[in-house]
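Okay, so here's the structure we're looking at.
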Number of protein chains: 2
Amino acid sequence: MNQTADIKRKRGRPPKTENADFRDTRETLITVGLSVLTEKGYSSTGIDEILRKAGVPKGSFYHYFDNKEAFGRILIEAYGRYFARKFDRWFEDRALTPLQRLEAFVEDAKTGMARFEYRRGCLIGNLGQEMTALPEGFRVLLQDVFTDWECRTAGVLREAQQAGEISKDLKCDQMAHFFWIGWEGAVLRAKLDQSPEPLDRFAQGFLSLLRGS
Amino acid sequence: MNQTADIKRKRGRPPKTENADFRDTRETLITVGLSVLTEKGYSSTGIDEILRKAGVPKGSFYHYFDNKEAFGRILIEAYGRYFARKFDRWFEDRALTPLQRLEAFVEDAKTGMARFEYRRGCLIGNLGQEMTALPEGFRVLLQDVFTDWECRTAGVLREAQQAGEISKDLKCDQMAHFFWIGWEGAVLRAKLDQSPEPLDRFAQGFLSLLRGS
DNA sequence: CTCAATTTAGACCGATCGTCTATTTAATTA
DNA sequence: TAATTAAATAGACGATCGGTCTAAATTGAG
């Protein structure tokens, strides 16, 4: 059922020369945490489930993280970084026009959601939705991630202006903001419908808006 | 702290002529349930919290509802109906042009979110987001609500076409679908930012798209 | 060979969910 | 009007789970 699991762990301080067989326990917890939280969010996910899937005993968790909240903060940061890398990959591909890069990102997202049968969404969107049930300090972290993503998106839109793909009259910051507002809705809906169609529908509408037609 | 609460409930079968002081217990539970679930969603809300806020003892809950899942189904239906009424109110107001009716709906939503300090979002969006943590049967209920809302929205767009406000070339069903995909994202973001700005930004973008400019 | 550092083991408490029985009050029936 | 039935509340209970915390095990350092 689960690929990460059940390697016999030795108790006590590990030998210095080790780290052979299995990835660092901490990294494993983060990876598994991301996969579970992108699926079910923060509140309805229990530590136990993450530990079970990671094949890590409970005691270890509280060795590596102060508590669930601290773990959550680290997941938000890790997820933000993961996407920043994705953007660098797509948004700076000179083989494509700026608008094609945006389309490539959309295709990549579709592929990603399909791979997990539309069960996993966006961690930031998930957590934003449950904001009122979350530690208040999460709010600014989530907002910062959106700010970062919107900046990067605005950048590619400006390049599209310079390349003459879209009108110079468009306010790129506002358009990037619009994109991320709606895109999170599209991810949500794709999860509900278990289909890529909402992602396509929103992306297509957004591009029409850019092209002013 | 809480307006609904703490009216001394009489034990036992109620007199036939009654229903004077407080609303029916069942109705109270539904009302309170809606307010809590629009805020925190399904998974992270416990029955006890609803009972406490409603001032209703636990024994009553299981008298009126089979279990939490059955209660959730009833809340989805009640919320769907509540919004259907809202649409009837705004979308059939002949004093406004069709597009103005859409704008009136947006204003109403802004007012509604502001009233609760942007803590409450859309029940259907909330539950859609946590779909993977929900009883599988909820999926079709949520989809049906969106289908209904999109139909009503498509209707007002067709009226806008007939009134010459927007191009006859627009596919109203698709545009209504686009609206609801993005609008749920806007509600999510308004909750995160505790601001009406995402609602305005999305609505304004959507209207530009309709007007083709 | 101690002692500190690092990690695992799992006990523990409180909260949540759903059930169940007892109790209270009103309506119905005879 | 007494007995019975219907309708609702009271709240104890067990099972389970989530989060925390302490004890134990293992290794490295002096």
Side-chain angles (χ1 to χ4, degrees), chain A residues 5-30 32-33 36-37 40-75 130 133-135, chain B residues 5-30 32-33 36-37 40-75 130 133-135:
Chain A
D6 300 331
I7 302 154
K8 262 290 172 279
R9 274 160 205 286
K10 275 204 311 195
R11 196 162 173 159
R13 182 170 180 168
K16 202 168 195 176
T17 53
E18 169 175 31
N19 286 347
D21 314 355
F22 52 87
R23 278 174 303 175
D24 188 50
T25 299
R26 191 186 141 95
E27 289 305 312
T28 305
L29 287 173
I30 292 175
V32 173
V36 178
L37 264 73
K40 313 199 330 176
Y42 182 85
S43 314
S44 50
T45 300
I47 307 287
D48 279 344
E49 177 180 355
I50 292 168
L51 295 170
R52 192 167 28 79
K53 290 199 170 141
V56 168
K58 200 158 192 174
S60 298
F61 183 88
Y62 287 91
H63 173 66
Y64 292 108
F65 309 99
D66 284 347
N67 50 35
K68 194 187 181 188
E69 175 173 346
F71 184 57
R73 290 176 184 274
I74 286 165
L75 291 187
E130 8 171 20
L134 258 44
Chain B
D6 299 332
I7 302 154
K8 263 290 173 280
R9 273 162 203 289
K10 274 203 315 195
R11 201 162 172 161
R13 182 171 181 166
K16 204 167 194 177
T17 54
E18 166 177 33
N19 287 343
D21 313 356
F22 52 88
R23 280 172 302 175
D24 188 51
T25 298
R26 189 188 142 97
E27 289 306 311
T28 306
L29 287 173
I30 291 175
V32 173
V36 178
L37 265 71
K40 314 198 330 177
Y42 182 86
S43 313
S44 49
T45 301
I47 306 285
D48 281 344
E49 177 180 355
I50 292 167
L51 294 170
R52 191 168 28 79
K53 289 199 169 140
V56 167
K58 197 159 195 175
S60 298
F61 184 87
Y62 287 92
H63 174 67
Y64 291 108
F65 308 99
D66 284 347
N67 50 37
K68 192 186 182 187
E69 176 174 344
F71 184 58
R73 289 174 184 275
I74 285 165
L75 291 187
E130 14 172 15
L134 258 44

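All chains are named by letter (A, B, ...) in the order of the sequence lines, taking the proteins before the strands, and each is independently numbered beginning at 1. Only heavy atoms go into these numbers, but all of them, side chains included; no hydrogens, no water, no symmetry mates.
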If you check every side-chain atom of [X], which of [options] has the closest atom?
X	options	answer
B:I47	D:dT9, D:dG18, C:dG18	C:dG18
B:K58	D:dT20, D:dT9, C:dG18	C:dG18
B:H63	D:dT9, C:dG18, D:dT20	D:dT9

Could you check how far [atom1] of [X] sits from [atom2] of [N], rounded to whole Å?
X	N	atom1	atom2	result
B:D66	C:dG18	CG	C1'	12 Å
A:N67	D:dT20	CG	P	5 Å
B:D48	D:dA12	CG	P	13 Å
A:E49	D:dG19	CD	C1'	15 Å
B:L51	C:dG18	CG	P	11 Å
A:I50	D:dG18	CD1	C1'	11 Å
B:F61	C:dC20	CZ	P	16 Å
B:F71	C:dG18	CZ	C1'	15 Å

Whichever of B:G59 and A:T45 has its nearest DNA chain D nucleotide further upstream toward 5': B:G59
Does [N] have its OP1 or OP2 closer than 4.0 Å to a side-chain nitrogen or oxygen of [X]?
X	N	answer
A:K68	D:dG19	yes
B:Y62	C:dG18	yes
B:S60	D:dA8	no
B:T25	D:dT9	yes

Min side-chain heavy-atom separation A:L51-A:P57 under 4.5 Å: no
Any B:V56 side-chain heavy atom under 4.5 Å of B:Y64 side chain: no
Over-ring placement of B:K68 relative to B:Y42, 6.0 Å and 45° cut-offs: yes
Nearest heavy-atom neighbours spanning B:Y62 and B:N67: CE2-CA, 3.8 Å
Backbone N/O of A:S43 and side chain of A:E130: donor-acceptor pair under 3.5 Å: yes
Touch class at under 4.0 angstrom, heavy-atom based, for B:Y64 against every strand present: sugar-phosphate
